[in-house]
Amino acid sequence: MAATKDFRLVCLENPLLDIQAVGDEALLKKYNLKANDAILAEKEHLGLYEDLLNNFDAKLIAGGAAQNTARGAQYMLPPNSVVYFGGVGNDKYAATLHDAVKTAGLRVEYRVDEQQPTGRCGVVITGHNRSLCTDLGAANHYDLDHLKKPENWALVENAEVFYIGGYHFTVCPPAIMALAEEAAAKNKIFAVSLSAPFIPQFFKEVVDASAPYWDYIIGNEAEAEAYAVAHDLPSKDPKDVVKVLANLPKKNTQRKRIAIVTQGTEPTLVAIQGEDEVKEFPVRAIDSALINDCNGAGDAFAGGLLAGVVQGESLEQSIDKGQWLAKLSIQELGPSYPFPKQAYSASS
Ligand code: 26A
């Protein structure tokens with residue numbers, strides 16, 4: 001058997017520490033948060049973090065959407081498969097992130113900012129909803145210079161699949177586009193998540209600039225709807241939007257684009273460029289008593305999917321891996337995976 005190459009998957013986004021607690025309506029109201037949303041913190045939100053820690057028994061958990069995905073993909077792949085780029089501070093939150101990625105076997109190449117603190121995300125859990133409120137801190141200072149450092153760019157040149165967490169569109173589009181160009185020039189795979197409704201809504205220009213490079217575009221039903229609204233599409237039905245996404249103009253014509261829209265407990269929708277049919281993949285059933293929280297479910301789905309993509313598996317199996325990992329993650333506290341590791345099986 002040919003030796004497997006190391007670090008075939010490169011991920012980029014914002015490393016954050018999640019400050020997660022079970023909250024209530026009053027807490028959401030106090031900070032003007034929706035039950036199920038993801039936003040950037042404004043001045044009015046800055047009290048949330050201390051409030052969660054002091055009054056709601058919050059836990060500190062490694063987060064950052066694409067970092068969760070990268071940990072998830074590494075969870076399912078052979079050792080030394082995934083490397084992740086993003087920006088952190090030089091502080092104890094960064095040390096917590098280092099511990100978490102070490103457990104997961106994920107290699108990180110952080111840009112360390114001596115002035116800015118590591119980013120944090122307040123996570124308010126109410127039932128199966130999660131409200132995410134992010135103060136990006138050092139993650140907002142990620143830059144192209146870091147990615148282009150010879151030792152980092154060598155990792156990029158070595159990799160075969162790139163995954164961009166859509167939240168990075170708020171931070172460093174030039175780094176995203178550098179990976180996009182590398183992928184298109186060398187027929188590598190460029191995968192992007194829309195990440196949150198506010199990304200296609202308020203960062204439309206930079207999202208659209210990257211669209212011709214998407215080999216995989218992943219979103220949930222709310223993000224698909226936000227995309228439809230931002231682009232004035234005639235239909236906001238996720239089945240129509242997923243087809244539009246698949247059929248946007250594409251730079252690298254050697255690969256057909258695959259667009260994926262998850263819908264919580266409803267079937268995952270998949271459209272392939274140039275094909276009429278929208279495929280539906282039912283999610284794996286779970287007893288709702290087993291669900292801990294749904295923070296990171298979508299990230300886990302992307303992680304399992306990418307594990308399949310990196311290993312060259314069929315679309316069906318890659319989707320199933322995503323659904324398997326999402327089911328595992330929602331049984332844990334926050335965007336986490338069970339240890340000792342569980343092995344994927346197509347039927348459990
Ligand atoms: C720029 N923003 C808002 C963000 C995020 C984010 N990750 C990167 N950038 N806002 C929330 N998250 C992460 O999403 C995960 C759940 O999908 C949280 O850290 C959480 O772990």
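Atoms considered below: every heavy atom in the structure, side chains included; atoms not considered: hydrogens, waters and symmetry mates. Counting starts at 1 for both ligands and their atoms, in listed order.
Across T126 and A35, no two heavy atoms sit closer than the pair OG1-CB, 4.1 Å. Scanning all heavy atoms of the two residues, the minimum distance from V156 to E182 falls at CG1-CG, 3.9 Å. Counting all heavy atoms, side chain and backbone alike, Y163 lies closest to T69 at CE2-CG2, 3.6 Å.
Residue contacts with ligand 1: R130 is placed with no nitrogen or oxygen under 3.5 Å of a nitrogen or oxygen of the ligand (distance criterion only). Taking distance alone, with nitrogen or oxygen atoms compared against 3.5 Å, L132 stays at or beyond that limit from ligand 1.
Compare L17, N14, D18, I199 by their heavy atoms: the one nearest to atom 21 (O) of ligand 1 is in D18.
Residue-ligand proximity, L40 to ligand 1, at heavy-atom distances under 4.0 Å covers atoms 1 (C), 3 (C). The contact set between ligand 1 and D299, taken as ligand atoms under 4.0 Å from a residue heavy atom, comprises 15 (C), 16 (C), 17 (O). Less than 4.0 angstrom separates some heavy atom of E13 from each of these atoms of ligand 1: 7 (N), 8 (C). Close approach of ligand 1 to C121 is summarised as follows: ligand atoms under 4.0 Å from at least one heavy atom of the residue are 11 (C), 18 (C), 19 (O). Which parts of ligand 1 touch G63 is read off a 4.0 Å heavy-atom cut-off, strictly below it: atoms 19 (O), 21 (O). Listed by number with element, the atoms of ligand 1 under 4.0 Å from a non-hydrogen atom of P335 are 21 (O).
Proximity of a side-chain donor or acceptor of R107 to a complementary backbone N or O of Y84 within less than 3.5 Å is not detected.
Among all non-hydrogen protein atoms, the one lying nearest atom 2 (N) of ligand 1 is Y167 CD2, 3.2 Å. Counting only heavy atoms of the protein, atom 6 (C) of ligand 1 lies nearest to L16 CD1, 3.3 Å. Scanning the protein heavy atoms around atom 5 (C) of ligand 1, the nearest turns out to be T134 OG1, 3.3 Å. Regarding atom 7 (N) of ligand 1, its nearest protein heavy-atom neighbour is A65 N, 3.1 Å.
D113 and Y142 form no side-chain donor-acceptor contact under 3.5 Å, judged by distance and modelled atom types alone. Checked by atom type, the side-chain pair T262/E221 shows no donor-acceptor distance below 3.5 Å. A side-chain N or O of N220 and one of E223 form a donor-acceptor pair less than 3.5 Å apart.
The aromatic ring centroids of Y337 and Y75 lie less than 6.0 Å from each other.
The shell of residues lying under 4.0 angstrom from ligand 1, judged by heavy atoms, includes G64. Within the structure, ligand 1 has G296 among the residues with a heavy atom less than 4.0 angstrom away.
Counting heavy atoms under 4.0 Å from ligand 1, residue I61 does not touch it at all. Heavy atoms of L136 found under 4.0 angstrom from ligand 1 belong exclusively to the side chain. Contact annotation for V171 and ligand 1: no heavy atom of the residue comes within less than 4.0 Å of the ligand.
Remark: K321 qualifies as a cation-pi partner of Y344 under the 6.0 Å distance and 45° angle criteria applied to the six-membered ring.
Using a cut-off of 4.0 Å between Lys/Arg side-chain N and Asp/Glu carboxylate O, D215 and K250 are scored as salt-bridged.
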- Apply the test side-chain contact (heavy atoms from CB on, under 4.5 Å) to residues I61 and Q20: give CA-CA distance (whole Å), side-chain angles for both, the deciding distance (0.1 Å), then the verdict. CA-CA 7 Å; I61 315 165; Q20 174 173 326; 3.7 Å; yes
